[in-house]
Amino acid sequence: ERSLALRRAQTGFLVSIVQVQWADLLICKTRKLSLFQQGMRNSVLWFGLASETLLIIALVYIPFLNDAFGTLDLAFVHWLPALCFTWLIFVYDEIRKYLIRKNPNGFA
């Protein structure tokens, strides 16, 4: 019972790392331009996001991968807490980029 709870918590932590990596990939795309200005035309970026997402889904929900990697299946609700931080990182960086564009010489 206790070891299953630990494995499920570790799986949830792994899922949260992957979700935050989504935001990191998107915010590192440009230094100053908003993602909405730059767009998402990069097929390699889309492939990376899709493959990372499919890999974590496989690690969480395919039984033989659960055994191989020590993960357990998660309820959908356990995917949600990290999404808040993912959006927070993304929104913070969009605001940062906006301030850089509006103040190219800095605030000094």
Side-chain angles (χ1 to χ4, degrees):
E1 177 83 22
R2 199 170 184 173
S3 66
L4 292 178
L6 176 63
R7 282 178 60 190
R8 191 155 278 121
Q10 290 170 334
T11 303
F13 185 74
L14 177 64
V15 165
S16 71
I17 290 172
V18 169
Q19 288 176 346
V20 171
Q21 284 178 341
W22 296 338
D24 189 42
L25 178 66
L26 297 175
I27 68 175
C28 290
K29 194 165 169 13
T30 67
R31 292 178 104 185
K32 295 180 182 178
L33 286 179
S34 167
L35 181 66
F36 303 105
Q37 293 172 319
Q38 178 73 20
M40 293 280 292
R41 294 178 299 273
N42 186 338
S43 60
V44 175
L45 182 127
W46 279 110
F47 177 77
L49 279 172
S51 61
E52 179 180 39
T53 303
L54 291 174
L55 179 62
I56 194 62
I57 289 170
L59 288 173
V60 172
Y61 295 111
I62 296 177
F64 78 88
L65 291 176
N66 290 156
D67 296 334
F69 291 97
T71 58
L72 283 179
D73 60 325
L74 293 177
F76 176 74
V77 71
H78 296 131
W79 287 72
L80 299 178
L83 287 178
C84 297
F85 293 102
T86 302
W87 282 106
L88 180 68
I89 291 168
F90 179 75
V91 169
Y92 168 80
D93 198 65
E94 286 294 316
I95 292 169
R96 182 190 66 82
K97 289 176 184 177
Y98 171 79
L99 293 174
I100 288 172
R101 286 191 311 274
K102 294 299 177 192
N103 302 291
N105 297 325
F107 292 102

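Keep in mind the model is a prediction, meaning the values are calculated, not measured.
- Between Gln37 and Leu33, the closest heavy-atom pair is OE1-CD2, 3.3 Å.
- Using a distance-only test at 3.5 Å, with no hydrogens or angles considered, a donor-acceptor pair links the side chain of Trp46 to the main chain of Met40.
- Not a single side-chain hydrogen bond (donor to acceptor under 3.5 Å, both in side chains) links Tyr92 to another residue, sequence neighbours left out.
- Of the inter-residue distances, the one linking Leu59 atom CG with Leu72 atom CG reads 12.0 Å to the nearest 0.5 angstrom.
- There is no path of hydrophobic side-chain contacts, each under 4.5 Å, that joins Phe85 to Val91.
- A donor-acceptor pair under 3.5 Å links the side-chain atoms of Lys97 to the main chain of Thr30, judged by distance alone.
- When each of Leu83, Thr71, Val60 is checked for a side-chain contact (heavy atoms from CB on, under 4.5 Å) with Val15, only Val60 meets the rule.
- Atoms CD1 and CG, from Ile100 and Asn105 in turn, are 12.5 Å apart once rounded to the nearest 0.5 Å.
- Side-chain atoms of Asn103 come within 3.5 Å of backbone atoms of Leu99 as a donor-acceptor pair (strictly under, hydrogens ignored).
- A single hydrophobic cluster is seen to contain both Leu45 and Ile27, as judged by linkage of ILVMFWY side chains at heavy-atom distances under 4.5 Å, directly or through other members.
- When the side-chain hydrogen bond (donor to acceptor under 3.5 Å, both in side chains) test is applied to Arg96, the partners found at least two apart in sequence or on another chain are Asp93.
- Taking both residues in full, the closest heavy atoms of Thr53 and Ile56 are given as O-CG2, 3.2 Å, listed atom of the first, atom of the second, then distance.
- Of all non-hydrogen atoms in Ile89 and Ala23, the two that sit nearest each other are CG2-CB, 4.0 Å.
- Rounding to the nearest 0.5 Å gives a distance of 9.5 Å between CG of Asp73 and CZ of Arg7.
- Placement of Val77 and Val18 within a single hydrophobic cluster is found when ILVMFWY residues are connected by side-chain heavy-atom separations under 4.5 Å, directly or transitively.
- Taking the six-membered ring where the residue is Trp, Trp79 and Tyr61 present parallel rings, their angle staying beneath 30° rather than reaching 60°.
- Connection of Leu25 to Ile57 is established within a shared hydrophobic cluster, with ILVMFWY side chains joined at heavy-atom distances below 4.5 Å, either directly or through further cluster members.
- In this structure a side-chain-to-backbone donor-acceptor pair under 3.5 Å is missing from Ser16 to Ala82.
- To the nearest 0.5 Å, atoms CD (Gln21) and CD (Gln19) are separated by 10.5 Å.
- Under the 4.5 Å side-chain heavy-atom criterion for ILVMFWY residues, a single connected hydrophobic cluster contains both Phe36 and Leu26.
- The side-chain hydrogen bond (donor to acceptor under 3.5 Å, both in side chains) test with Ser34 singles out one residue from Glu94, Arg101, Lys29, and that residue is Glu94.
- Side-chain contact between Asn66 and Thr11: absent, with no pair of heavy atoms (C-beta onward) separated by less than 4.5 Å.
- With rounding to the nearest 0.5 Å, the separation of CD1 in Ile17 from CD in Glu52 is 11.0 Å.
- With rounding to the nearest 0.5 Å, the separation of CG in Leu35 from CZ in Phe90 is 4.5 Å.
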Exercise for the section: Applying side-chain contact (heavy atoms from CB on, under 4.5 Å), run through Leu80 and Phe76 and close with a yes or a no. Expected result: CA-CA 7 Å; Leu80 299 178; Phe76 176 74; 3.8 Å; yes

